[in-house]
Amino acid sequence: YVPFGANQIVQLNNNVGSTERVQGGYISPAIDDNSDGTSIEMSPELTSVEILDYTLTNHINFEAEIRFPEEAGVVQVETFGISLNSEGTCFYGMQIEAVMDRVKDNISLDHLARDAANRNKVNLIIANEITPHLTAEEYMDKG
């Protein structure tokens with residue numbers, strides 16, 4: 001879902017509570033069957049959204065934390081920033097500190113997108129260095 005136009009940005013800002021005194025919150029695809037009840041269950045797989053900046057009709061910048069349950073012994077922290085504007089531009093970004101058994105250094109791009117069919121999006125990856133040192137063409141999937 002990528003919103004286009006001022007009306008969609010206004011609705012998105014309203015849905016995530018940008019204009020409220022207490023912004024953001026937890027988002028879930030589940031519908032509350034007992035919305036007039038007095039209790040709430042906070043399941044661990046909810047997505048936390050924190051509004052960083054917005055203008056009602058033009059843009060929203062927010063940070064989201066995905067909280068999917070993981071297997072025992074697996075620690076996964078997924079927090080990323082998203083910027084959407086009324087022209088349809090969508091930017092997202094995150095800092096990757098560890099993937100699988102690789103902490104900080106020598107993180108393989110294959111661990112981020114294991115399936116070459118899922119790499120057709122436009123992504124910009126900024127790194128201090130790439131190992132092994134090859135020409136740009138030698139890094140291409142060629143597929």
Return a table of donor-acceptor pairs under 3.5 angstrom between the side chains of residues 57-64 and protein atoms on other chains or two or more places apart.
unit_1	atom_1	unit_2	atom_2	d
Asn58	OD1	Ser86	OG	3.1
His59	ND1	Thr55	OG1	2.9
His59	NE2	Asp53	OD2	3.0
Asn61	OD1	Ser83	OG	2.6

Connecting only ILVMFWY residues whose side-chain heavy atoms lie within less than 4.5 Å of each other, what is the rest of Val10's hydrophobic cluster?
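Members other than Val10 - counting any ILVMFWY side chain reachable under 4.5 Å - are Leu56.
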Output the rest of the hydrophobic cluster of Val22: all Ile, Leu, Val, Met, Phe, Trp and Tyr residues reachable through side-chain heavy-atom contacts under 4.5 Å, sorted by chain and number.
none
What residues form a side chain to side chain donor-acceptor pair (under 3.5 Å) with [X], not counting sequence neighbours?
| X | value |
| --- | --- |
| Gln11 | Asn15 |
| Thr131 | none |
| Glu65 | Arg67 |

Residues forming a salt bridge (Lys or Arg N to Asp or Glu O under 4.0 Å) with Glu50, sequence neighbours excluded:
none
Linking I/L/V/M/F/W/Y whenever any side-chain heavy atoms sit under 4.5 Å apart, do Leu52 and Phe91 land together?
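Shared cluster, no.
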Using modelled atom types only, decide if a donor and an acceptor are shared between the side chain of Asn14 and the backbone of Gly17 within a distance under 3.5 Å.
no
